[in-house]
*Asks:* 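Got a structure for you, written out below as structure tokens; questions coming shortly.
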Amino acid sequence: MQAAVVTFDGFNELDSFIASALINRCRKDGLEAFITTPTPVVTSMNGVEVTGQRPLEFVTEADVVLIGSGVKAREVVADDRLISRLPLDPSRQLIGAQCSGALVLARLGLLDGMPACTDRKSRPFVEACGVTVLDTPFHAEGDIATAGGCLASQYLAAWVITRTLGEGVARDVIDYVAPVGENEETVERALRAVNVGEPVVR
């Protein structure tokens with residue numbers, strides 16, 4: 001299984017890298033993430049240049065698509081040509097968004113009738129799309145999920161891992177990266193946040 005971590009110019013490093021790093025701890029179990037970009041190189045909000053591992057067209061073949069956040073999210077959703085390169089399909093893909101990535105899901109019509117999570121700065125713009133924003137770090141309905149707050153990207157990754165490989169694998173991954181001495185509470189908090197059931201078969 002393959003996950004596309006969609007990363008636009010002006011991206012937030014925490015959002016893209018935490019999710020991809022956690023998912024990539026599952027390579028041996030058959031799940032791998034790739035930083036997926038619309039141009040060969042993108043520059044983060046803090047000036048870090050990153051070479052994409054996959055082009056944006058990779059989203060059509062990915063089993064999981066996570067839309068990262070960034071300072072140019074409103075420019076992204078205003079770009080019809082760029083949005084047209086994201087033909088996402090929740091009937092066959094797990095789809096998630098981090099912080100301002102919720103704007104992209106709203107623009108694609110994937111949040112119709114569904115509340116979402118986002119960061120505080122993006123909240124008014126997401127609400128302007130007619131989406132109810134929750135005061136929680138993570139929310140999922142079916143195969144669509146949103147997370148709010150940079151460090152909530154661990155919840156998005158935990159959701160993906162749990163839905164594809166099961167809770168046991170997610171526990172192992174979160175336990176490994178948890179702050180020393182806080183392992184149990186970190187694992188339980190993550191799994192409580194995602195609150196999902198058995199793995200899906202794809």
*Asks:* Rounded to the nearest 0.5 Å, how far does CZ of R85 lie from CG of L56?
*Replies:* 4.5 Å
*Asks:* Taking the inter-plane angle between the rings of F138 and W159 on a 0 to 90° scale, is it parallel (under 30°), tilted (30 to 60°) or perpendicular (over 60°)?
*Replies:* tilted
*Asks:* Taking the side chain as every heavy atom from C-beta outward, state whether M1 and V64 have any atom pair closer than 4.5 Å.
*Replies:* no
*Asks:* Under 3.5 Å, side chain of N183 to main-chain N/O of D175, donor-acceptor pair present?
*Replies:* yes
*Asks:* Could you please spell out the steps behind the side-chain contact (heavy atoms from CB on, under 4.5 Å) verdict for F17 and V5?
*Replies:* CA-CA 9 Å; F17 294 157; V5 180; over 6 Å; no
*Asks:* Which distance, rounded to the nearest 0.5 Å, do you find between the SG of C99 and the CG of N12?
*Replies:* 7.0 Å
*Asks:* Do L88 and F8 belong together in a cluster built from hydrophobic side chains that touch within less than 4.5 Å?
*Replies:* yes
*Asks:* How close do A116 and T146 get, counting heavy atoms only, and between which atoms?
*Replies:* CA-OG1, 3.4 Å
*Asks:* Under 4.5 Å between side-chain heavy atoms, counting indirect links through other Ile/Leu/Val/Met/Phe/Trp/Tyr residues: same cluster for I35 and L86 or not?
*Replies:* no
*Asks:* Using the side-chain contact (heavy atoms from CB on, under 4.5 Å) rule, take L165 and C26 through it: C-alpha gap first, then chi angles, then the decisive distance, then the call.
*Replies:* CA-CA 9 Å; L165 299 172; C26 301; 3.7 Å; yes
*Asks:* OG1/T39 to CG/L82 distance, rounded to the nearest 0.5 angstrom?
*Replies:* 9.5 Å
*Asks:* Check side chain to side chain donor-acceptor pair (under 3.5 Å) between E32 and all other residues, then give those that pass, not counting sequence neighbours.
*Replies:* R27
*Asks:* Side chains of E13 and S44: do they bring a donor and an acceptor to under 3.5 Å?
*Replies:* yes
*Asks:* Taking the side chain as every heavy atom from C-beta outward, state whether L105 and M114 have any pair of such atoms under 4.5 Å apart.
*Replies:* no
*Asks:* Could you check V194 against Q154 for side-chain contact (heavy atoms from CB on, under 4.5 Å), going step by step and ending with a plain yes or no?
*Replies:* CA-CA 10 Å; V194 302; Q154 65 179 301; over 6 Å; no
*Asks:* Apply the test side-chain contact (heavy atoms from CB on, under 4.5 Å) to residues V50 and T7: give CA-CA distance (whole Å), side-chain angles for both, the deciding distance (0.1 Å), then the verdict.
*Replies:* CA-CA 10 Å; V50 172; T7 303; over 6 Å; no
*Asks:* Spell out, as yes or no, whether a donor-acceptor pair under 3.5 Å connects the side chain of D79 to the backbone of E75.
*Replies:* no
*Asks:* Which value, rounded to the nearest 0.5 Å, describes the distance between S16 atom OG and L14 atom CG?
*Replies:* 9.5 Å
*Asks:* Search all heavy atoms of L103 against all heavy atoms of C129 and return the closest pair with its distance.
*Replies:* CD2-SG, 4.0 Å
*Asks:* Is it true that F125 and V71 fall in one hydrophobic cluster, defined by side-chain heavy atoms closer than 4.5 Å?
*Replies:* no
*Asks:* So does R171 pair up with E184, basic N to acidic O under 4.0 Å?
*Replies:* no
*Asks:* Quick one: name the residues clustered hydrophobically with V41, using the 4.5 Å side-chain heavy-atom rule over I, L, V, M, F, W, Y, and just say none if it's on its own.
*Replies:* none
*Asks:* Any side-chain heavy-atom pair from V160 and L31 closer than 4.5 angstrom?
*Replies:* yes
*Asks:* Between I144 and V77, is there shared hydrophobic-cluster membership here, with clusters defined by ILVMFWY side-chain heavy atoms closer than 4.5 Å?
*Replies:* yes
*Asks:* Can you confirm whether R74 is buried at CZ, in the sense that more than 12 heavy atoms of other residues, nucleotides or ligands lie under 6.0 Å from that atom?
*Replies:* no
*Asks:* Are the side chain of R163 and the backbone N or O of L94 linked by a donor-acceptor pair below 3.5 Å?
*Replies:* no
*Asks:* Work out which heavy atom in T60 is nearest to a heavy atom in P87; give both atom names and the distance.
*Replies:* CG2-CG, 3.6 Å
*Asks:* Are any side-chain N or O atoms of Q93 and backbone N or O atoms of V59, one a donor and one an acceptor, separated by less than 3.5 Å?
*Replies:* yes
*Asks:* Is there a donor-acceptor pair closer than 3.5 Å between any side-chain N or O of S100 and the backbone N or O of G70?
*Replies:* yes
*Asks:* Counting only N and O atoms by type, is there a donor-acceptor contact under 3.5 Å from the side chain of T36 to the main-chain atoms of V6?
*Replies:* no
*Asks:* I need the minimum non-hydrogen distance between T37 and G52, along with the two atoms involved.
*Replies:* OG1-CA, 3.3 Å
*Asks:* At what distance, to the nearest 0.5 angstrom, does CG of L110 lie from CG of D89?
*Replies:* 9.5 Å
*Asks:* Any idea which heavy atoms bring G181 and E185 closest together, and the distance?
*Replies:* O-OE1, 4.4 Å
*Asks:* With sequence neighbours excluded, give me every side chain to side chain donor-acceptor pair (under 3.5 Å) pair touching residues 102-119.
*Replies:* D80-R107, D119-S122
*Asks:* Tell me which one of T162, T186, I174 satisfies side-chain contact (heavy atoms from CB on, under 4.5 Å) with L191.
*Replies:* T162
*Asks:* Nearest 0.5 angstrom please: I18 CD1 to I23 CD1, how far?
*Replies:* 12.0 Å
*Asks:* When you measure from the side chain of E61 to the backbone N and O of F58, does any donor-acceptor pair fall under 3.5 Å?
*Replies:* no
*Asks:* Is L66 reachable from F34 through a run of hydrophobic residues whose side-chain heavy atoms are each under 4.5 Å from the next?
*Replies:* no
*Asks:* Grab the two heavy atoms, one from A106 and one from L111, that are nearest each other, plus how far apart they are.
*Replies:* N-CD1, 3.9 Å
*Asks:* Do the side chain of D63 and the main chain of Q2 share a donor and acceptor less than 3.5 angstrom apart?
*Replies:* yes
